[in-house]
Structures are given as structure tokens and as C-alpha cells.
J.: 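One structure, pasted below without further comment.
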Amino acid sequence: ARFEGIEGSGCLPVKSVLPSAAAGSSSGGGRLPEDEQAVCVGDIVMVRHRHGNPALGYESHVVLEWAGGSKGDVVADAVLAVLLQAAGEPRGAAKADAARQAALAAGDVAGALQAEMQLAAMLLAAQFGPVAVDEAAGHIRLQVDGVELVVDHVHGKVACESEALRVRVEKVLQRITEALRPCALDFED
């Protein structure tokens, strides 16, 4: 896979992972089940495809695993960006974006903020799983790896018991906010 970054460009190796080779993965999950496929990107990010299992209550999905650190985080962000692009935009995103644009055009700041919160919830759900939106409180609730999180959309803060997870979700929220609210290009002389 070709990778371009601020420090140059290069190729990252993408290797298929055999079931027996996944035993040393960072998840500690042992062997890769026979019905899963996996690749390792840049010798640092494991990308697993897991088939859905309605009996256990989950749909087909992809799991990314990597050791934390600047290199792993950058490669994982790049892999995630490619996966999200391939998956397309979340269902309902175009409608929520149209509502946001209409509210902004009408000067309805509260309506724009509500539509923005719905968009943020959709994007968080695409990355972390199911969310619950409390529009009155301006909160988005979700659970990641068994840890409950509350996202205060109005203030851009995340509350949870895990500091590392809080920082991770706040970074994602910051990127979502930056995408929804690009910097103004108006200049005054």
C-alpha cells in the first residue's frame, strides 16, 4: 500500500495473515478463527474481517488492532480512513447534512447544532458501534470495549473511566468537528 505523509512517502507492506500466525496479535485472542480473514498493514496494524453471527447479536464487521504509539496510530488512522471511504457515508448522513445546511442558511443555530450532533453520532457509530443521542442534553452515549462513554457534543468533551479511551474518542470527535466546521477563509484588511 502506498502511503504519503508529512515526512515523505513510501510503501507499507500488506501481508495476509494465516490463522496460526494471529496467535501473537495484540488482542491476546489466540488463534484466528477459520472463518475470518486478516491482513497486517505496515507490520503494525492487524485488520480482521469477522463474519456476522446473528446468534451472538453482531453483524459482519472489521476489527483493527495495533500497539499504541505515533507510528501505529498514524497507520491505523490511514487504514480506518480507507475503510470508511470504502464503506460509504452512514445511512441518513446526507439528510442530516442537508438539514444542517438549511438551518445554517436560515440562521437557526440550535437547529444546525442538532443536525451536527446527529452527523457526529452517525460518524462515531460507524467507528465505535451503536450510540444513543440525548438531544436535550446535547450528549451522545456509547460503549467501547465495555467502557461507557458520554460525549458532550456542545463542549467537545468526553467523559469515561479510561483516560486512554477518553483521549482517543476526543481525538475522533475533534476530527469530526473540524470536518463539519472548517476554518473561515474570510480575511479583513
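The basis for the numbers below is simple: all heavy atoms, side chains too, and nothing from hydrogens, waters or symmetry mates.
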J.: Heavy atoms, side chains only, cut-off 4.5 Å: are Trp66 and Val75 in contact?
T.: no

J.: Mind checking whether Val133 and Met117 have side chains closer than 4.5 Å, heavy atoms only?
T.: yes

J.: Provide the closest heavy-atom pair for Leu142 versus Pro130 in the form atom of the first, atom of the second, distance.
T.: CB-O, 3.7 Å

J.: Could you tell me which residues satisfy salt bridge (Lys or Arg N to Asp or Glu O under 4.0 Å) with Lys15, sequence neighbours excluded, listed by chain and number?
T.: Asp43

J.: Taking only residues two or more places apart in sequence, or in another chain, which ones meet Gln127 in a side chain to side chain donor-acceptor pair (under 3.5 Å)?
T.: none

J.: Could you tell me whether the side chain of Val158 reaches within less than 4.5 Å of the side chain of Asp152, counting heavy atoms only?
T.: no

J.: Sequence neighbours excluded, which residues qualify as side chain to side chain donor-acceptor pair (under 3.5 Å) partners of Arg175?
T.: Asp77

J.: Thinking salt bridges, do Arg48 and Glu65 make one under a 4.0 Å N-O criterion?
T.: yes

J.: Taking all atoms of both residues into account, what is the closest heavy-atom pair of Ala103 and Gly111, and its distance?
T.: CB-C, 3.7 Å

J.: I'd like to check the side chain to side chain contact (heavy atoms under 4.5 Å, CB included) partners of Ile176; sequence neighbours left out, ordered by chain and number.
T.: Ala120, Leu123, Leu124, Val172, Leu180

J.: Using the salt bridge (Lys or Arg N to Asp or Glu O under 4.0 Å) criterion, which residues pair with Asp108? Sequence neighbours excluded.
T.: none

J.: Tell me who clusters with Val154, hydrophobic residues only, linked when side chains sit under 4.5 Å apart either directly or through other members.
T.: Leu113

J.: Can you hop from Val45 to Val14 via hydrophobic side chains spaced under 4.5 Å?
T.: yes

J.: Where is the tightest heavy-atom contact between Ala96 and Met122, given as atom of each residue plus distance?
T.: CB-CE, 3.9 Å

J.: Side chain to side chain contact (heavy atoms under 4.5 Å, CB included) with Ala102: which residues, sequence neighbours excluded?
T.: none

J.: Quick one: salt bridge (Lys or Arg N to Asp or Glu O under 4.0 Å) partners of Glu170, sequence neighbours excluded?
T.: Arg166

J.: Please report the closest heavy-atom contact between Val131 and Ile140, naming both atoms and the distance.
T.: CB-CG2, 3.9 Å

J.: Is any side-chain heavy atom of Leu149 closer than 4.5 Å to a side-chain heavy atom of Arg141?
T.: no

J.: I'd like to know if Leu165 and Leu173 are part of one continuous hydrophobic network [Ile/Leu/Val/Met/Phe/Trp/Tyr, side-chain heavy atoms within less than 4.5 Å].
T.: yes

J.: Locate the shortest heavy-atom distance separating Cys160 from Val147; write the atom from each residue and the value.
T.: CB-CG1, 4.1 Å

J.: Same cluster for Val79 and Val39 if Ile/Leu/Val/Met/Phe/Trp/Tyr side chains link at under 4.5 Å?
T.: yes

J.: Applying salt bridge (Lys or Arg N to Asp or Glu O under 4.0 Å), name anything that partners Asp73, two or more places apart in sequence or on another chain.
T.: none

J.: Can you list everything that forms a side chain to side chain contact (heavy atoms under 4.5 Å, CB included) with Ala115? Sequence neighbours excluded, please.
T.: Ala99, Arg100

J.: Taking only residues two or more places apart in sequence, or in another chain, which ones meet Gln114 in a side chain to side chain contact (heavy atoms under 4.5 Å, CB included)?
T.: Glu135

